[in-house]
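So the structure is just underneath, and the comments pick up after that.
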Amino acid sequence: MSIGYYTPTKVVFGAGAENQTAEMLREFGASRVLIHFGSGSVKRTGLLDRVEKNLSDAGIEYVELGGVVPNPRVSLVRKGIELVGSEGIDFILAVGGGSVLDSAKAIGYGAYGGGDVWDFYCGKRKVEGTVPVGAILTLAATGSEMSDSSVITNDETDPVYKRGVSTDFGRVKFSILDPELTYSVSAYQTSCGAVDIMMHTLERYFHQGDSLDFTDELSFTLLREVIKWAPVALDDPQSYEARANIMWCGTLSHNGLMATGNPNKGDWACHQIEHELSAEHDVAHGAGLAAVWGSWARYVLDVDPERFVKLGVGVFGESDPVKTIGKFEEFFRSIGMPTDIKGLGLDFGEAECRTAARGVTFQDARTIGNFKVLDTEDIYRIYMMASGK
Ligand code: NZQ
Ligand code: ZN
């Protein structure tokens, strides 16, 4: 058992933390900034205006690029890369949810590395550097604010591909985390976020080989906290305590802490199975995860039922593994999340399940998973189970 833990992002957490944006930018040497944002929430909430004033007051120049959509597209990334070059940008500031952060990271890789940015996502080239990126997070979910990942959708191909790249260059310089900025997040996105946060810990918890008991116990605490606070945030979207706990859980769930002591990075099969759904059908990532997790769990349970027993006892005080899976699903439903593919509004039969399974394995070119290694046939069966077939 050994630990490798690298998490170099400077965190500024608390109400009003965004007032320190200019200070952070100065600290990391920014002089001309690309402010990258989504489809309008930062304008509606007034956050963009406040951030821009903060920069102007400090004499920091900026250029705007909005328009990032959920499941962020490579086409806008290309536009961002062009802007970085033509405008002499030396720092990218992402203001938004995970999609905005991931898009900003992609712009950073492409602007630094030249060539076709998609090469980094389809595995043709390795990321060797980035234009520095900082983040102001407005949605607690993906953990991109401290993770090494960026997930981009290629909308220029048919079929559409959604691919992630993980590299330490993806760890942003600073993350400004103000729980109040998440007050305006819709109930649906709050729930999607809660599921995603839980899944980043669950994916790491399920792995082959030894585990560090301390990390398992941290994982259970994180899962219990999300289960405790997500309903509070749904009832009272302006509960600082609920938003703060969820936000910090989101960050720590995906910065590597929850894998410390694991001999590998975890399972991640559910993420791969979900990404195929959100690539082709543009569903929200968290909802897609909720829709497939139970089926995955039932499919792999026999590999190591004791791992499920420990999880159940740690999170719910439940020693029956089958009931534990049911309890997670019950929680997902209680916060309005689907627990099958139909609940995503998709009508999957055998043909759709086959196509999706082949998409996950890149047409039989790879397997996924670590707790249980899954091939195309396994993934097909999981899709079928999640489709009630
Ligand atoms: O675009 P705007 O107008 O900002 O609206 C967004 C969007 O419609 C809205 N929103 C964000 N903050 C808000 C708000 N609405 C009101 N008030 C606010 N404060 O919420 C909607 C969803 O935003 P998005 O950024 O797409 O959600 P999320 O943070 O869940 O990001 C999802 C993306 O991240 C990827 C997912 O696959 C998906 O593409 N992931 C990235 C990871 C990473 N980089 O480490 C790991 C994850 O596993 C995940 O795969
Ligand atoms: Zn995720």
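Whatever order the structure lists them in is the order used to number ligands and atoms, beginning at 1. Along the sequence shown, the residues carry numbers beginning at 1.
- At the top of the distance list for atom 14 (C) of ligand 1, counting protein heavy atoms only, stands S41 OG, 3.6 Å.
- At least one heavy atom of G40 sits less than 4.0 Å from an atom of ligand 1.
- Side-chain atoms of S150 and Y121 form a donor-acceptor pair, as typed in the model, at a separation below 3.5 Å.
- Using a 4.0 Å cutoff on heavy atoms, H275 counts as a contact of ligand 1.
- Heavy-atom minimum distance, K162 versus V151: CE-CG1, 3.4 Å.
- No N or O atom of Q189 sits closer than 3.5 Å to an N or O atom of ligand 1.
- Under the 30°/60° scheme for interplanar angles, the aromatic rings of F308 and F371 are found to stand perpendicular.
- With a 4.5 Å cut-off on side-chain heavy atoms, W268 and N370 do not count as touching.
- Taking a 4.0 Å cut-off on heavy atoms, D148 fails to register as neighbouring ligand 1.
- In the candidate list H254, E274, H271, M199, H254 is nearest to atom 46 (C) of ligand 1, counting heavy atoms.
- Checking atom 6 (C) of ligand 1 against the protein gives no heavy-atom contact under 4.0 Å.
- Aromatic ring pairs are classed by plane angle as parallel below 30°, tilted from 30° to 60° and perpendicular above 60°; the pair F206 and W296 is perpendicular.
- When only interatomic distances are considered, the shortest N/O to N/O separation between K105 and ligand 1 does not fall below 3.5 Å.
- In terms of protein heavy-atom proximity, atom 47 (C) of ligand 1 is nearest to H200 NE2, 3.5 Å.
- Counting heavy atoms from C-beta on, the side chains of E217 and F214 never come closer than 4.5 Å.
- The closest approach between P72 and ligand 1 falls below 4.0 Å for a heavy atom of the residue.
- At a heavy-atom distance under 4.0 Å, no atom of V42 approaches ligand 1.
- Ligand 1 has no nitrogen or oxygen under 3.5 angstrom from a nitrogen or oxygen of R44.
- F316 and F328 have their aromatic ring centers within a separation under 6.0 angstrom.
- The distance from the Zn ion (ligand 2) to the nearest N/O/S atom of H285 is under 2.8 Å.
- At a 3.5 angstrom cut-off on N or O pairs, T45 does not count as close to ligand 1.
- Counting atoms of ligand 1 from 1 in the listed order, those under 4.0 Å from a heavy atom of D196 are 47 (C), 48 (O).
- Remark: aromatic rings of H200 and Y205 are distant, center separation not under 6.0 Å.
- In this structure, NE2 of H271 and OD1 of D196 enclose an angle of 120° at the Zn ion (ligand 2), rounded to 10°.
- Looking only at its N/O/S atoms, H200 has NE2 as the one nearest to the Zn ion (ligand 2).
- The closest side-chain heavy-atom distance from D216 to R307 is below 4.5 Å.
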